Trainee: 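Here's a structure for you.
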Amino acid sequence: MENSPFDIYTDEYENWFKENENIFQSELLALRQVIPIGKEGIEIGIGSGIFAEKLNIKFGIDPSDKMLDIARQRNLIVEKGFAENLPYSDNSFDFALFITSLCFIEKPDKAIKETRRILKSGGEIIIAFIDKESNLGQNLEKNKNESKFYKYANFYSVPEIIQLIETNKFIVTDIVQTLKNPNNISIETPLKGYGNGSFVVVKGKKHE
């Protein structure tokens with residue numbers, strides 16, 4: 001993608017989370033439900049590292065130079081690169097995390113295969129995304145040509161994400177949702193399953 005919006009509007013990206021603190025905190029709560037404690041993980045599409053810093057994830061990869069500059073300021077260990085060709089050895093991490101980044105990846109199936117490769121035996125993949133079947137997802141899809149960030153995005157439904165990871169030899173172990181009402185000024189408590197929340201987190205375990 002030429003002239004990535006994440007390089008052009010880096011400050012605007014960071015400021016969005018400050019202006020929408022309730023949404024950010026609701027998403028963090030959902031992610032904390034499924035992220036392994038005391039394990040070494042990597043965020044694929046780490047961006048500025050705003051999530052990784054809060055979730056104690058030290059490693060990350062992203063194609064945006066300006067985003068990575070901010071991630072390094074957060075003392076994160078990051079590499080420039082793409083999800084389809086990860087610069088890490090086999091069996092390197094206990095878990096790998098995508099937070100609303102899969103929708104920007106050109107070859108998602110290849111990215112999941114690469115993720116599986118770098119995970120240890122029994123390692124876990126965690127994919128957080130806006131459910132395209134939710135009200136928020138439908139609105140973003142409808143208006144994405146007017147969005148600086150989502151113009152080039154491909155949105156997914158929960159069944160599509162499940163199929164993607166199961167096809168690549170993961171077993172789904174947990175699904176959590178939040179943002180039942182994205183306009184809520186309070187922080188939402190995450191719920192199990194999907195179908196009510198706009199922000200969904202699917203976790204799968206690597207199997208042979």
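Owing to the predicted nature of the structure, the values given are computational and were not obtained by experimental measurement.
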Trainee: Under a 4.0 Å N-O cut-off, is there an ion pair linking Lys80 with Asp65?
Mentor: yes
Trainee: I'd like to know if the side chain of Ser101 reaches the main chain of Phe98, judged simply by a donor and an acceptor atom lying under 3.5 Å from each other, with no hydrogens or angles considered.
Mentor: no
Trainee: If you measure from the Lys or Arg side-chain nitrogens to the Asp or Glu carboxylate oxygens, is any gap between Lys107 and Glu84 under 4.0 Å?
Mentor: no
Trainee: Is the backbone of Ser92 close enough, under 3.5 Å, to the side chain of Ser89 for a donor and an acceptor to pair up by distance?
Mentor: no
Trainee: Determine whether Phe82 and Asp62 make a side-chain contact, defined as any pair of heavy atoms from C-beta on separated by less than 4.5 Å.
Mentor: no
Trainee: To the nearest 0.5 angstrom, please state how far the CD atom of Glu79 sits from the CG atom of Leu86.
Mentor: 10.5 Å
Trainee: Could you measure the distance from the OG1 atom of Thr115 to the OH atom of Tyr88? Nearest 0.5 Å is fine.
Mentor: 11.0 Å
Trainee: Is there side-chain contact between Phe59 and Leu76, with at least one heavy-atom pair below 4.5 Å?
Mentor: no
Trainee: Side-chain contact, heavy-atom cut-off 4.5 Å: Leu102 with Ile105?
Mentor: yes
Trainee: Is any side-chain heavy atom of Lys203 closer than 4.5 Å to a side-chain heavy atom of Ile125?
Mentor: no
Trainee: Counting only heavy atoms not in Gln163, do more than 12 fall under 6.0 Å of its CD?
Mentor: no
Trainee: Using the rule given for side-chain contact (heavy atoms from CB on, under 4.5 Å), can you reason through Leu55 versus Leu31, listing the C-alpha separation, both sets of side-chain angles and the distance that settles it, and then say yes or no?
Mentor: CA-CA 8 Å; Leu55 297 168; Leu31 289 160; 4.0 Å; yes
Trainee: Side chains of Glu124 and Pro36, heavy atoms from C-beta outward: is any pair under 4.5 Å?
Mentor: yes
Trainee: Can the ring centres of Phe155 and Phe129 be said to be less than 6.0 Å apart?
Mentor: no
Trainee: Does a sphere of radius 6.0 Å around NZ in Lys54 hold more than 12 heavy atoms from other residues, nucleotides or ligands, not counting ones at 6.0 Å or beyond?
Mentor: no
Trainee: Is it true that Arg74 and Glu53 make a salt bridge, defined as a side-chain N closer than 4.0 Å to a carboxylate O?
Mentor: yes
Trainee: Would the distance check show the side chain of Asn56 and the main-chain N or O of Ala52 forming a donor-acceptor pair, the cut-off being under 3.5 Å?
Mentor: no
Trainee: Between Ile61 and Ile46, is there a side-chain heavy-atom distance shorter than 4.5 Å?
Mentor: no
Trainee: For a quick test of reading the model, state the closest non-hydrogen atom pair linking Ala71 to Gly47 and the distance between them.
Mentor: CB-O, 3.8 Å
Trainee: Give a yes or no on whether Lys113 atom NZ has more than 12 heavy-atom contacts from other residues, nucleotides or ligands under 6.0 Å away.
Mentor: yes
Trainee: Please determine if Asp69 and Lys66 form a salt bridge, counting it only when a charged side-chain N lies under 4.0 Å from a carboxylate O.
Mentor: no
Trainee: Would you indicate whether the side-chain heavy atoms of Asn181 and Glu188 approach each other to under 4.5 Å?
Mentor: yes
Trainee: Got a second to check how far Ile162's CD1 is from Ile171's CD1, nearest 0.5 Å?
Mentor: 13.5 Å
Trainee: Quick one: are Val202 and Ile165 in side-chain contact, heavy atoms under 4.5 Å?
Mentor: yes
Trainee: Once rounded to the nearest 0.5 Å, what's the spacing between atom NZ of Lys132 and atom OG of Ser157?
Mentor: 5.5 Å
Trainee: More than 12 heavy atoms of other residues, nucleotides or ligands under 6.0 Å from CG of Asn135: yes or no?
Mentor: no
Trainee: Going from OG on Ser26 to CD on Gln177, what distance comes out if it is rounded to the nearest 0.5 angstrom?
Mentor: 12.5 Å
Trainee: Between Arg116 (side chain only) and Asn168 (backbone N and O only), is there a donor and an acceptor less than 3.5 Å apart?
Mentor: yes
Trainee: Does a side-chain N-to-carboxylate-O contact under 4.0 Å join Lys58 and Glu40?
Mentor: no
Trainee: To the nearest 0.5 angstrom, please state how far the CG atom of Asp131 sits from the CD atom of Gln138.
Mentor: 9.0 Å
Trainee: Assess whether side-chain contact (heavy atoms from CB on, under 4.5 Å) is satisfied between Asn91 and Leu119, documenting all intermediate values.
Mentor: CA-CA 5 Å; Asn91 310 308; Leu119 287 174; over 6 Å; no
Trainee: Indicate the atoms forming the closest heavy-atom contact of Pro190 with Ala30, along with that distance.
Mentor: CB-CA, 3.8 Å
Trainee: Kindly give the heavy-atom pair with the smallest separation between Ala128 and Phe199, and that separation in Å.
Mentor: CB-CZ, 3.5 Å
Trainee: When you compare the side chains of Lys180 and Asn196, does any donor N or O come within less than 3.5 Å of an acceptor on the partner?
Mentor: no
Trainee: Can you see which heavy atom on Leu136 is nearest to which on Ser198, and at what distance?
Mentor: CB-OG, 3.4 Å
Trainee: Salt-bridged, Lys120 to Asp90, with N to O below 4.0 Å?
Mentor: no
